[in-house]
Amino acid sequence: MAKKSTLSVRGTEVTIIDDSGQKFISLTDMLKAKDGDFFISDWLRNRNTVEYLGIWESIYNPDFNCGEFDTIKSQAGLNSYRISVKEWVAQTNAIGIKAKTGRYGGTYAHPDIAFEFGMWISAEFKIYLIKEFQRLKEEENDRLKLEWNLQRTLSKINYRIHTDAIKENIIPRLIGTQDTALVYASEADLLNVALFGKTALDWRTENPDRKGNIRDEATLEQLVVLSNLESINAVLIHQGLSQADRLVQLNKIAITQMRSLVQNSTMKQLK
C-alpha cells in the first residue's frame, strides 16, 4: 500500500505518495493552483512537455518505447493532437507519470517531472514546491537518523542483558576468572558467526584497510537482527544450552529474520 504525505505549497495542499520506495507528487493537486480551467492533457499536448518527458524516460526507463514516442512527438503541438496520461503510459511504457484510481486517485509524477509541471503553473509555484519537497526530505532524513540511533541504543542495552546472562550462567562454571574476557569475546563471535557467517577476526583479516569492526559495517536490517539475537541468546544461555546448540538455533533465526526484513516494505522506506 502506498504511503501518503502532504505538502502545503502557497496554500495548495499537494499529496505525495511513496510507491515501492519511489515518491510521486500529485499533479492533480498541483493543478488547483493554476488560474482558469486547465487540464493535465493541455500540458501533455505541448511539444516542449513531450520532449522533456521523452528525454527523462530515455534516461531512466530501459523499457521506454522510443518508436511510439517519436510518433507522439511528431503530432505534439498540433491543434488536433490530444493524449491522456493513461494513453501516454500505455503507448510508451512510461514510468515517470501515472494515473491512479481508488484511494489517493489522480495523476502523479516523479519529482523531476512534477517540478517541470510546476513551472507550467508558475515559476513561483515551482520554486516553493521544490523548497517544500526538500524540507520533507530533510525531515525524513532526520527521522531516519533518530530511528538508527534508537536501534543502536537498543542494541547496546541488549548487549548488557546478553553479557549479564553470560556472567551469571557461564562465567561461574569456569575454573578461573582470567578467561572471562575470552568468554565474552567467544559469545560475541557466536552472534557474529550466526548472523555474518564469520568472526570479528575473520572480518578484520579480510578488510585490513577498513576502520571500525564488523558491526560498524552492519546494515540496518543486520542491526535489528543482531539486537534480537542478543536477547534470544541470553534466554538460551539461561536454559543451559551449549554454544554449539545455540549457534545452530541462532543461525536459523538470523536467516529467517533477515529474509523477512529484506522483503519488508517498511524497512525499505527507512533507507
Side-chain angles (χ1 to χ4, degrees), residues 2-101 103-142:
K3 181 181 178 181
K4 172 188 172 184
S5 55
T6 304
L7 297 180
S8 180
V9 184
R10 303 298 284 170
T12 300
E13 297 298 312
V14 178
T15 302
I16 298 178
I17 59 172
D18 194 318
D19 192 354
S20 301
Q22 176 60 63
K23 293 189 182 300
F24 287 85
I25 300 175
S26 173
L27 303 189
T28 304
D29 289 346
M30 292 171 58
L31 191 60
K32 299 172 185 176
K34 190 170 179 62
D35 295 331
D37 295 328
F38 292 94
F39 303 94
I40 295 173
S41 58
D42 296 326
W43 175 66
L44 278 176
R45 68 193 298 264
N46 183 283
R47 186 176 181 83
N48 290 334
T49 297
V50 173
E51 289 181 343
Y52 178 84
L53 293 177
I55 293 173
W56 190 94
E57 294 287 347
S58 297
I59 294 173
Y60 296 106
N61 181 6
D63 297 322
F64 184 56
N65 191 327
C66 295
E68 285 294 331
F69 165 71
D70 288 337
T71 301
I72 293 172
K73 181 181 176 181
S74 67
Q75 300 172 358
L78 299 177
N79 291 335
S80 60
Y81 168 76
R82 287 287 188 281
I83 189 169
S84 68
V85 172
K86 289 184 178 180
E87 290 171 337
W88 165 259
V89 173
Q91 294 177 31
T92 66
N93 294 324
I95 60 173
I97 188 169
K98 62 178 66 180
K100 294 180 65 68
T101 59
R103 191 180 186 187
Y104 310 145
T107 298
Y108 290 82
H110 184 279
D112 293 345
I113 297 173
F115 297 156
E116 186 72 11
F117 184 73
M119 187 65 183
W120 185 65
I121 295 174
S122 74
E124 181 184 37
F125 187 88
K126 176 182 179 179
I127 292 172
Y128 278 99
L129 174 65
I130 295 174
K131 179 181 178 181
E132 289 301 311
F133 185 78
Q134 289 174 336
R135 180 188 59 79
L136 176 65
K137 293 291 290 182
E138 289 173 357
E139 288 180 353
E140 291 180 344
N141 289 336
D142 290 341

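Nothing here was measured: the structure is a model prediction, and the numbers come from that model.
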Heavy-atom side-chain proximity of T15 to Y108 below 4.5 angstrom: yes

Determine yes or no for a side-chain-to-main-chain donor-acceptor pair under 3.5 angstrom, with T28 supplying the side chain and T107 the backbone. yes

Return the minimal non-hydrogen interatomic distance between L53 and W88, and the atom names on each side. CB-CZ2, 3.6 Å

Within the side chain of T6, is there an N or O that forms a donor-acceptor pair under 3.5 Å with the backbone of E13? no

Is there a side-chain contact between W56 and H110 (heavy atoms, below 4.5 Å)? yes

Would you please test Y81 and I72 for side-chain contact (heavy atoms from CB on, under 4.5 Å) and show each step? CA-CA 9 Å; Y81 168 76; I72 293 172; 3.1 Å; yes

side-chain contact (heavy atoms from CB on, under 4.5 Å) between N48 and E51, worked out: CA-CA 5 Å; N48 290 334; E51 289 181 343; 4.0 Å; yes

Is I121 close to F117 at the side-chain level, that is, under 4.5 Å between some pair of heavy atoms? yes

Taking the side chain as everything from C-beta on, heavy atoms only, tell me whether Y52 gets closer than 4.5 Å to D112. yes

From CD1 (I127) to CZ (R10), nearest 0.5 Å: 10.5 Å

Are side-chain heavy atoms of F69 and V50 found at a separation under 4.5 Å? yes

Given side chains that start at C-beta, do those of F64 and I95 come closer than 4.5 Å, heavy atoms only? no

So which heavy atom on F125 is nearest to which on A33, and how close? CE1-CB, 3.4 Å

Which distance, rounded to the nearest 0.5 Å, do you find between the OG1 of T92 and the CD of E57? 6.0 Å

Do E87 and L44 come within less than 4.5 Å of each other through their side chains, counting heavy atoms only? no

Can you name the closest pair of heavy atoms from K86 and A99 and give their distance? CG-CB, 3.9 Å

Is there a side-chain contact between D19 and K98 (heavy atoms, below 4.5 Å)? yes

If you look at every heavy atom in L136 and S5, which pair is closest and at what distance? CD2-OG, 3.8 Å

All heavy atoms of A109 vs all of A114, minimum pair found to be CB-N, 4.1 Å

Given 3.5 Å as the limit, does a donor-acceptor pair link the side chain of N61 with the main chain of N93, or not? yes

Given the rule in the salt bridge (charged side-chain N to carboxylate O under 4.0 Å, His left out) test, do R135 and E132 qualify, once you have shown the distances and angles that lead to the verdict? CA-CA 5 Å; R135 180 188 59 79; E132 289 301 311; 2.9 Å; yes

Check R45 with D42, please: is the shortest side-chain N to carboxylate O separation under 4.0 Å? no

Which value, rounded to the nearest 0.5 Å, describes the distance between L7 atom CG and I16 atom CD1? 3.5 Å

Closest heavy-atom pair and its distance - S41, I83: CB-O, 3.8 Å

Supply the atom-to-atom distance R47 CZ to Q75 CD, rounded to the nearest 0.5 angstrom. 10.5 Å

Steps toward side-chain contact (heavy atoms from CB on, under 4.5 Å) verdict (K100, I17): CA-CA 11 Å; K100 294 180 65 68; I17 59 172; 3.4 Å; yes

Looking at W120, is its backbone amide N or carbonyl O close enough to the side chain of K34 to form a donor-acceptor pair, meaning the two atoms are under 3.5 Å apart? yes

